[in-house]
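From a predicted model like this one, the values you see are computed outputs, not experimental measurements. By convention in this document, chain letters (A, B, ...) are assigned in the order of the sequence lines, proteins followed by strands, and residues within each chain are numbered from 1. Quick note: numbers below take in every heavy atom, side chains included, and nothing from hydrogens, waters or symmetry partners.
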There are 2 protein chains.
Amino acid sequence: MAVTLADVATRAGVSAATVSRVLSGNYPVAGATRTRVMRAVEELQYVVNGPASALAAATSDLVGVLVNDIADPFFGIIASAVQSEMGAVGQGGGGQKLAVVCNTGGSTESELSYLTHLQRQRAAAVVLTGSGVEDEKHGAALATRLRRLAAGGTRIVLCGRPPLAPEQQDTHQGPEREQPRPPQENGRDGEGRADSGDGIVTLAFDNRGGSRRLTEHLLSLGHRSIGYVTGPSDRTTTRDRLEGHRLAIRARAPELLADAEQFTVHGGAYDRSSGYDGALELLRRVPGLTAVLAANDTVALGVCAALRDQGLRIPEDVSVAGFDDLPFSADASPTLTTVRIPLHDAGARAGRLALGRETPPPGGVATVRTELMARGSTAPPPGPRG
Amino acid sequence: MAVTLADVATRAGVSAATVSRVLSGNYPVAGATRTRVMRAVEELQYVVNGPASALAAATSDLVGVLVNDIADPFFGIIASAVQSEMGAVGQGGGGQKLAVVCNTGGSTESELSYLTHLQRQRAAAVVLTGSGVEDEKHGAALATRLRRLAAGGTRIVLCGRPPLAPEQQDTHQGPEREQPRPPQENGRDGEGRADSGDGIVTLAFDNRGGSRRLTEHLLSLGHRSIGYVTGPSDRTTTRDRLEGHRLAIRARAPELLADAEQFTVHGGAYDRSSGYDGALELLRRVPGLTAVLAANDTVALGVCAALRDQGLRIPEDVSVAGFDDLPFSADASPTLTTVRIPLHDAGARAGRLALGRETPPPGGVATVRTELMARGSTAPPPGPRG
DNA sequence: CTGTTAGCGCTTTCAC
DNA sequence: GTGAAAGCGCTAACAG
C-alpha cells in the first residue's frame, strides 16, 4: 500500500498536480504528458487513495441503498435496479458512483447505524427502500437524521415507503397532533418546489390502492369469508395494504366489517412461515373460509402450503392472493393472483433521482401505480356445502 | 457539512487530540473530560469525517461483498450472513465494519471495476461469492488484482467458487500447462501454512459431489433418460455440477455416456426462463425423457413450468431436481428434490474469515459439504408406455 | 498547459 | 491525562 501520486509524478517527470489532472480527466493536459503519466501509472500499478481524494475534494462516490432484507427478491430487484443506473462501469476515472447495499434486517438501530456510517463517508446519496417502521420515536429520529444528511448535500430518496412526516416544530406552537401523514394523492403540498423543500424525494408505492382492487376482485368473485394474513404490524406497508383491504370491504360489503378483526391474523414477518401459521390460524377461526389474502407473495406461498397440507385445493376450495408480483409468483402452481409493483422501474427511477439525473416530482412525492394481476389462484368460492 | 473535530474541541474546551481519543475510545481519558466531550459532540451533532479519518489512520471499515445477482436469493442469503457477522451495530465508535454488497451482474468488467473501487477505498476485506467466470484472460487479471489487494492488507475470501489458479510464474520457466486447477480434496497444498500463502482464503462448495449424488439418486430410482439443463457455460459452478453429473453416469451407467451430450441443454443463465426453454428443448430432443436435472432451483422451477404447460405431471411423468435448496424449494408443489448448500453458514464463516475472527483452514482452502434433499419432485420413472 | 502552494479533517507520536 | 505539531495523499486555486 505504498505507491502514491507523488511517486507517479516523479516517475513521469511531472508534478503531482498534473498527474491528478490526468487522472480526473476534467482538465486540459497535453497529449504527450498524458501518455507519459498513464504509462507511469500503469508501471507502478497506481491506484488512487479514495479517502485522501475524498477528503481533498470533499466529495464521495458512495451511494447507499438500505434494504430491510437482502435475501428477499423484493429488495434484490429494487437494489439491482438502483445499481443499474449508477452508470457504465468505467475503468476508474469518471464520476461513476458506487452503489452499495446495506441490509438493515428491518431493525431500526441498524438503519440508523448504517446512516451514520454513510454520513461519515459523506455519501453522495442514500436510497431507503421498502417499508418504514411505524414508531413515533424512531420515525422522529430517522427524519431528523435524514434531514441533516440532506442538508449536508446528500441526496435522499425514499423508495417504497411513505414520505417523511412534516418537520417537527421545535418552537412548540400548539397541541396540533392530527394528521400525522401528509396527503397522498395531492402532489402540490410542496407549493411547486422541486421537492418537499428539504431535498428528500419520495417514490411511494400505491399499496393501499392495489390492495383495495385486490379485495374488490375477490368480492366480485363472490367471496364473503376472506381471511387476511398481515405483515409485521409496525410497518407502513402492512398498514397501507390492510387499509386498502378494509376500504374495499367498507365500500362494497360493509356487512363484513364487523368480522374484519376476527378474519385478520397478524403475521410476524414477511416470510413463508408467517403465511403458513397464519393460514392455519384462520382455518381455526373461520369455519367457512373461502379466500386468504396475504401480506405479500412470499407469505402467500406459505399460506398455500398450509392449505394444501390441510387437504384443501387452490383455488377450488380456497382462493389465495399475494402482493408484489415477484418473479416466482407467475410460476407457482397454481399461478398466483397478486398485485404487481413495477419494482425494477421504481428502483431505476430512485437511482436516477439519487444521482440527480432526473428532476424530482412536484412536491417531492410521486406515487408508483400498482396493478392487479388476476391469475390462477383465485376463483369463485365453492358452492354451498362444497 | 461543517462541524469538525476542532469545533467540538473548542466547545468542550479541550484539544482536538483529546476529542479524537475520546471518540476512538482506545486511550485513557479522564472521566470528566470524556463526559464534557460527549456532550459537545451531542450538542453539535458531530459526525466523524470518514475520509479524513481513514486517511489519517490508513485504515477503513469497509468490507465489500461481490455477488453475481443480488436479486437471486442464493446471493442474498450469503450476503446477509456475511453482514450478520460484521458485529453488533454500535452507535459509531467501535471497530465495527460496514459490509456493502456490490452487484456485478456476472460481468467480469463490473467485477474488476468494483474491486478497483474497493481498492481505492482501502477496503478492509473483500468477499467474492458464487461462480467465477472461466475465462483465461479474466482469470489472470482477477488473480493479479486479488493478490495485489491481499498484499496491500485487504483480506480476500472466496465463497462458493474454486480457489485461484496458482500464481503465474513471471519468470517463464517451462511449458508446464497441465492441471490448471489446484487439487480439491487435498487440503495440504499450502504446506501447512495458514492460507495459500498469499492471504487469500477459499470456501469452495462441493458442487461436484452434490451433483454426483443427485444423479445417483435418479439413477437408482431407475431413470435412464435424464436430461440436464446447465447454467451459463463459462461459470465454474456450471462446470462442476455438470462434471458431478457425468461422473455419476460414468460410474453407475456408462452405457448412457454416449447420449450425454445429446441430453444436455446449455442454459444461458441461472434463471427461470432458461429452465423453461431448456425443458422444451429436451422434450424435443429426447422422446422418452423421464427426468430433468436443472442447474439450480430457479432453473428447476422454469423446467417444472414448461413440463406442466406440456401437460406432463411431476413426478409421475417426469422427475425434476434442482440445486441449492433455496427456501422456496421446500414450498414448491411438489416439493423440490435438490442439493442443499448451507449458504447461511458458509456466508457467516466467510464473514468471520474476512474479519480475521476465524483462523483460515489449512492450505487456505475448505470445501463446504452439500447434502442431497430427496423430496416430492422425484420418483421412479413411469412404467413402459405409461 | 504545468508547477507551487495551501490546505481538507483527522490520528498520532512526542513532550509536558 | 492532555496539548502541540507533523503529516496521511490528494485536489484546487493561483501563478507562471
### Message
Without decimals, in angstroms, what is the distance between B:Asp61 CG and C:dC10 P?
### Response
15 Å
### Task
Can you tell me the distance, in whole Å, between the CG atom of B:Leu55 and the C1' atom of D:dC8?
4 Å
### Message
Quick check on C:dT2: is either OP1 or OP2 less than 4.0 Å from any side-chain nitrogen or oxygen of A:Thr18?
### Response
no
Would you confirm whether [X], through its side chain, and [Y], through its main-chain N or O, come within 3.5 Å as a donor-acceptor pair?
X: A:Thr154; Y: A:Ala124; result: no
X: B:Arg120; Y: A:Asn49; result: no
X: A:Thr35; Y: A:Gly31; result: yes
X: A:Ser24; Y: A:Ser20; result: yes

### Query
Can A:Arg145 and A:Gln119 be counted as having a side-chain donor-acceptor contact under 3.5 angstrom?
yes
### Message
We want to know whether B:Ser15 and B:Thr18 form a side-chain donor-acceptor pair, criterion being a heavy-atom distance below 3.5 angstrom.
### Response
yes
### Query
Hey, what bend do you get for the helix from C:dC1-D:dG16 to C:dC16-D:dG1 if you fit axes on five pairs at each end, rounded to 10°?
30°
### Query
Can you give one letter per nucleotide of nucleotides 10-16 of chain D, going 5' to 3': B for a protein heavy atom under 4.0 Å from the base, S for sugar-phosphate only, - for none?
BBBB---
Would a 4.5 Å heavy-atom cut-off, applied to side chains only, mark [X] and [Y] as touching?
X: A:Tyr46; Y: A:Asp7; result: no
X: B:Asp135; Y: B:Thr108; result: no
X: B:Leu164; Y: B:Leu158; result: yes

#### Entry: Partner of A:Leu66 under side chain to side chain contact (heavy atoms under 4.5 Å, CB included), chosen from A:Val101, A:Thr129, A:Val126
A:Val126
### Task
Would you jot down, in residue-number order, the residues of residues 33-41 of chain B having a non-hydrogen atom under 4.0 Å from DNA chain C?
none
